[in-house]
2 protein chains.
Amino acid sequence: MPVPLYQAKAEFFRTLGHPVRIRVLELLQDGPRPVRELLAEIEVEPSNLSQQLAVLRRTQLVTATREGNTVVYALSTPDVADLLRAARRILTELITDQGALLTELRAAGGRPAR
Amino acid sequence: MPVPLYQAKAEFFRTLGHPVRIRVLELLQDGPRPVRELLAEIEVEPSNLSQQLAVLRRTQLVTATREGNTVVYALSTPDVADLLRAARRILTELITDQGALLTELRAAGGRPAR
DNA sequence: GCGACAGATGAAGATTTCTTCAAGTCGTCA
DNA sequence: TGACGACTTGAAGAAATCTTCATCTGTCGC
């Protein structure tokens, strides 16, 4: 094993661990988009967006194609969408659980635990 | 929106972005385990493992229960396993694609691209 | 109560990752 | 050809994350 698998996984998740990168991936779920459009929807400076796109390119999560004047980005595999869906599911669950716990605590008249 | 959703997602993925934490989650997929066992399977100092477990606890991905002498950790939801599976799928695909590309390049007699 | 484990926590220096700014590349159109 | 628009790249300071070490808490057996 050249690079331990669990380390590759960790790196992979770290790639997803950035708000701008997540937004890009979510936007690309609906199909390819030129940088210009990404830029219009994400509040960030062009050079910063470019840096984040570079990270996504390096890890092969997206592909970039020059089309004349502009550059179009796309997900390199639709599996990414599955992953984001799975993440959303967990996140939703964690958040509602937290909410439920909070409600329970308040109902019990308790002060914040611990 | 208190915390933008895409930021919560990013934080969530960042939590997964550490080799030790990934290994812990994978070990816990097969069921709850005491720290002692985790420590035996992961090469890391006790205090470091503890730090990483604390991160996982903070994000509610795992739960800890004291059982007399030892502390037992468990996944807080089986969805985590799904997520890891989805990640594994993408990773496998990316890696085989890379491998295929490499083979292709070599077959074409090319020197390493770029 | 004491001593010995099993873990957790706090703090600080070492690393990584982010953001930003200046400069660079590649097309397009006059 | 030259100027401009659309991105990209490199570099450096700022900020977040890691690792490690010393210390602390909770259990058990004596």
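Letters A, B, ... mirror the listed sequences (proteins, then strands); counts begin at 1.
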For [X] and [N], what is the distance between atoms [atom1] and [atom2] respectively, to the nearest whole Å?
X: Leu49(B); N: dT9(C); atom1: CG; atom2: P; value: 13 Å
X: His18(B); N: dA16(D); atom1: NE2; atom2: P; value: 18 Å
X: Arg58(B); N: dG10(C); atom1: CZ; atom2: P; value: 9 Å
X: Arg36(A); N: dC4(D); atom1: CZ; atom2: P; value: 21 Å
X: Glu37(A); N: dC7(D); atom1: CD; atom2: P; value: 10 Å
X: Ile22(B); N: dC18(D); atom1: CD1; atom2: C1'; value: 16 Å
X: Glu43(B); N: dT20(D); atom1: CD; atom2: P; value: 13 Å
X: Arg66(A); N: dA6(D); atom1: CZ; atom2: P; value: 11 Å

Just by modelled atom types, is the Arg66(B) backbone N or O under 3.5 Å from a matching donor or acceptor in the Thr70(B) side chain?
->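 Judged by distance alone, no pair lies under 3.5 Å.
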Return yes if some donor-acceptor pair links the side-chain N/O of Thr63(B) with the main-chain N/O of Ser76(B) below 3.5 Å, else return no.
->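 Not a single qualifying donor-acceptor pair exists.
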When you get a sec, tell me which of [options] is the closest nucleotide to the side chain of [X]?
X: Asn48(B); options: dG7(C), dA6(D), dT20(D); answer: dT20(D)
X: Glu45(A); options: dA6(D), dC21(D), dT20(C); answer: dT20(C)
X: Arg57(B); options: dT19(C), dT9(C), dT8(D); answer: dT9(C)
X: Val35(B); options: dT19(D), dG7(C), dG27(C); answer: dG7(C)

Distance (rounded to the nearest 0.5 Å) between Leu25(B) CG and Lys9(A) NZ |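 The NZ atom of Lys9(A) is 10.0 Å from CG of Leu25(B), to the nearest 0.5 Å.
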Could you check Leu56(A) against Thr15(A) for side-chain contact (heavy atoms from CB on, under 4.5 Å), going step by step and ending with a plain yes or no?
-> CA-CA 7 Å; Leu56(A) 292 174; Thr15(A) 304; 4.0 Å; yes
Examine [N]: is either OP1 or OP2 under 4.0 Å from a nitrogen or oxygen in the side chain of [X]? Give yes or no.
X: Tyr73(B); N: dA6(C); result: no
X: Arg14(A); N: dT17(C); result: yes
X: Arg21(B); N: dC18(D); result: yes

Describe the nucleic acid contact of Ser50(A) in one word from base, sugar-phosphate, nothing, applying a heavy-atom distance below 4.0 Å.
->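 It contacts base atoms.
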Contact nearer the 5' end of DNA chain C, comparing Gln52(A) with Glu67(A) |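 Result: Gln52(A).
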Hey, does the side-chain of Ser47(B) have a donor or acceptor N/O within less than 3.5 Å of a partner on the base of dC21(D)?
->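 Check passes, donor-acceptor contact within cut-off.
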Establish whether the base of dG10(C) is bridged to the side chain of Gln51(B) by a donor-acceptor pair shorter than 3.5 Å.
->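 Answer yes: a donor N or O sits under 3.5 Å from an acceptor.
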Using side-chain contact (heavy atoms from CB on, under 4.5 Å) as the criterion, point out the one residue from Val72(A), Val71(A), Val24(A) that pairs with Val35(A).
->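 One option only clears the test, and that one is Val71(A).
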